[in-house]
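Worksheet: the structure to be examined is printed underneath.
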Amino acid sequence: MEIRVQAYGKLNLSLDILRRQLSGYHDMRMVMETVELCDDVQISIAEGDRVRLSTNLHYLPVDDSNIAAEAAETFFQELGIPRKQVTIHIHKRLPVSAGVAGGSANAAAVFRGLNQLMGTGLSAEEMRRLGLLLGSDVPYCISGGTALAEGRGEVLTPLCPLPLCHIVICKPRFSIRTADLFGRIDCTKIRHRPDTAGMVDALKSENLGQVAVRMYNVFEDVLDGKQKEVFAIKTALLDAGALGAMMSGTGPSAFGLFDDEQAARGAYERLRAVYPETYLTRNRRELLV
């Protein structure tokens with residue numbers, strides 16, 4: 001038995017950090033959005049008890065350190081059902097270590113795919129509980145859509161969908177370690193915070209421009225050195241006609257929202273000439289489950 005599942009990327013339309021928990025995790029408040037840019041995840045099951053993983057990118061791990069393989073192991077272990085041989089192939093399109101939840105989206109796709117193949121009938125909420133065992137972005141990636149994410153990212157409240165728009169995503173030629181940015185953040189010294197309530201109201205009124213001008217990511221305040229190239233990409237997006245631009249997650253990808261396809265395509269072509277990992281996509285309004 002075999003199934004193909006799309007693993008859609010996510011963007012943070014806003015990202016705020018409220019406080020550091022005693023556990024070491026941080027309380028977050030973020031508005032999340034799904035984009036059509038995705039990986040293809042092909043999953044098959046047969047008799048046996050191994051997880052086999054392959055990808056189209058030679059440098060990605062294919063053992064149990066890959067979160068997609070870990071998701072398959074977690075699925076059988078947590079549900080207590082007889083194990084199967086699971087073969088997973090991931091065709092990557094989402095940039096790696098880019099702030100668009102590529103790995104988390106793959107794990108979520110494995111949960112959704114195995115749920116169908118095994119006929120386990122898990123609800124979205126039950127899959128989100130499994131997802132949290134693997135990472136803070138996985139619960140959101142189970143269902144996608146426009147949502148307010150709080151806690152570690154697992155407390156999800158559906159919001160009015162973001163109006164359809166064109167999106168240019170650009171990753172510079174470096175990655176940023178998530179732990180490094182969290183290590184630089186002092187929640188008591190954050191000077192600027194996103195207007196999350198205003199963004200929620202703008203979503204209710206389906207006002208793309210008012211959503212875009214409220215986009216803000218507190219991690220941008222602790223970028224240093226070459227990481228500040230993110231600001232040059234944001235400026236290029238705004239100069240090309242983006243209604244708003246920001247860094248997604250812990251980056252380093254920056255993205256811009258456009259209400260004009262021609263302007264978005266022009267921005268994509270100009271940035272693509274400098275940054276190979278530049279993508280033109282749109283947001284996806286439909287929930288995944």
Side-chain angles (χ1 to χ4, degrees), residues 7 9-30 32 35 37 39 53 55 57-71 90 92-108 131-141 149 151-154 169-194 215-234 245-255 275-279:
K10 68 87 187 170
L11 296 174
N12 297 85
L13 300 180
S14 70
L15 191 157
D16 197 4
I17 304 175
L18 306 182
R19 65 190 63 85
R20 181 185 175 95
Q21 303 173 356
L22 293 177
S23 64
Y25 290 106
H26 291 77
D27 279 328
M28 315 284 288
R29 181 179 290 138
M30 306 173 285
M32 314 276 265
V35 294
L37 183 65
D39 296 338
L53 177 69
T55 83
L57 299 181
H58 67 86
Y59 54 83
L60 290 181
V62 293
D63 56 15
D64 57 8
S65 66
N66 188 301
I67 193 173
E70 188 180 0
I90 302 173
K92 294 291 294 181
R93 296 188 189 90
L94 294 167
V96 177
S97 300
V100 298
S104 295
N106 292 160
L132 188 59
L133 298 174
L134 303 184
S136 298
D137 279 340
V138 182
Y140 167 77
C141 291
R152 287 171 50 192
E154 83 284 6
I169 303 170
C170 179
K171 181 192 175 187
R173 291 182 179 85
F174 58 86
S175 297
I176 299 176
R177 291 184 67 250
T178 296
D180 289 347
L181 289 194
F182 272 106
R184 295 178 203 164
I185 281 282
D186 182 341
C187 299
T188 66
K189 295 181 180 179
I190 294 176
R191 296 175 297 169
H192 305 290
R193 295 183 180 274
M215 296 196 310
Y216 193 74
N217 182 343
V218 298
F219 278 126
E220 292 182 11
D221 292 341
V222 295
L223 297 178
D224 63 9
K226 68 177 181 180
Q227 297 171 355
K228 291 188 177 180
E229 190 173 357
V230 169
F231 297 120
I233 294 172
K234 286 178 55 179
M246 68 172 269
M247 183 176 76
S248 183
T250 54
S253 295
F255 69 93
Y275 303 101
E277 290 190 277
T278 301
Y279 309 87

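Numbering of residues begins at 1 and proceeds along the displayed sequence.
A donor-acceptor distance shorter than 3.5 angstrom exists from the side chain of Asp39 to the backbone of Leu94, with no hydrogens or angles considered. Distance alone, capped at 3.5 Å, places no donor-acceptor pair between the Thr55 side chain and the Ile90 backbone. A donor-acceptor pair under 3.5 Å is formed between the side chain of Lys10 and the backbone N or O of Gly99.
You'll find the side chain of Arg173 reaches within 4.5 Å of the side chain of Tyr275, heavy atoms only. In this structure the side chain of Thr250 never reaches within 4.5 angstrom of the side chain of Asp180, judged on heavy atoms. Residues Gln227 and Pro172 fail the side-chain proximity criterion, which asks for heavy atoms closer than 4.5 Å. Looking only at side-chain heavy atoms (C-beta outward), Lys171 and Val100 stay at 4.5 Å or farther from each other. Looking only at side-chain heavy atoms (C-beta outward), Phe219 and Thr178 stay at 4.5 Å or farther from each other. With a 4.5 Å cut-off on side-chain heavy atoms, Ser104 and Tyr140 do not count as touching. Using a 4.5 Å heavy-atom cutoff, the side chains of Glu70 and Asp64 are not in contact. Between Ile185 and Arg20 the shortest side-chain heavy-atom distance does not fall below 4.5 Å.
For CZ of Phe174, the number of neighbouring non-hydrogen atoms (other residues, nucleotides, ligands) closer than 6.0 Å is greater than 12.
What you find for Ala107 and Ala71 is that their closest heavy atoms are O-CB, 3.8 Å. Between Pro252 and Ser97 the shortest heavy-atom distance is CD-O, 3.5 Å. Here the closest non-hydrogen pair linking Val222 and Arg184 is O-NH1, 2.6 Å. Nearest heavy-atom pair, Leu13 versus Met246, reported as atom, atom and distance to 0.1 Å: O-SD, 3.1 Å. In terms of heavy-atom proximity, Ile17 sits nearest to Cys187 at CG2-SG, 3.5 Å. The shortest non-hydrogen separation linking Asp63 to Leu53 is O-CD2, 4.5 Å.
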Q.
Show, in sequence, the C-alpha distance, side-chain angles and deciding distance for Val35 and Tyr279, and conclude whether the side-chain contact (heavy atoms from CB on, under 4.5 Å) test is met.
A. CA-CA 11 Å; Val35 294; Tyr279 309 87; over 6 Å; no
Q: Determine, stepwise, if the pair Leu132 / Val138 fulfils side-chain contact (heavy atoms from CB on, under 4.5 Å).
A: CA-CA 6 Å; Leu132 188 59; Val138 182; over 6 Å; no
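The OG atom of Ser14 sits 12.0 Å away from the CZ atom of Arg193 when rounded to the nearest 0.5 Å. Atom CG of residue Asn12 and atom OG of residue Ser253 lie 11.0 Å apart, to the nearest 0.5 angstrom. Rounding to the nearest 0.5 Å gives a distance of 10.5 Å between CD of Glu220 and CG of Leu181. Taking CG from Asp16 and NE2 from His26, the interatomic distance works out to 12.0 Å, rounded to the nearest 0.5 Å. We find the OG-CG distance between Ser248 and Leu11 to be 4.5 Å, quoted to the nearest 0.5 Å. Taking CE from Met28 and CG from Leu18, the interatomic distance works out to 8.5 Å, rounded to the nearest 0.5 Å.
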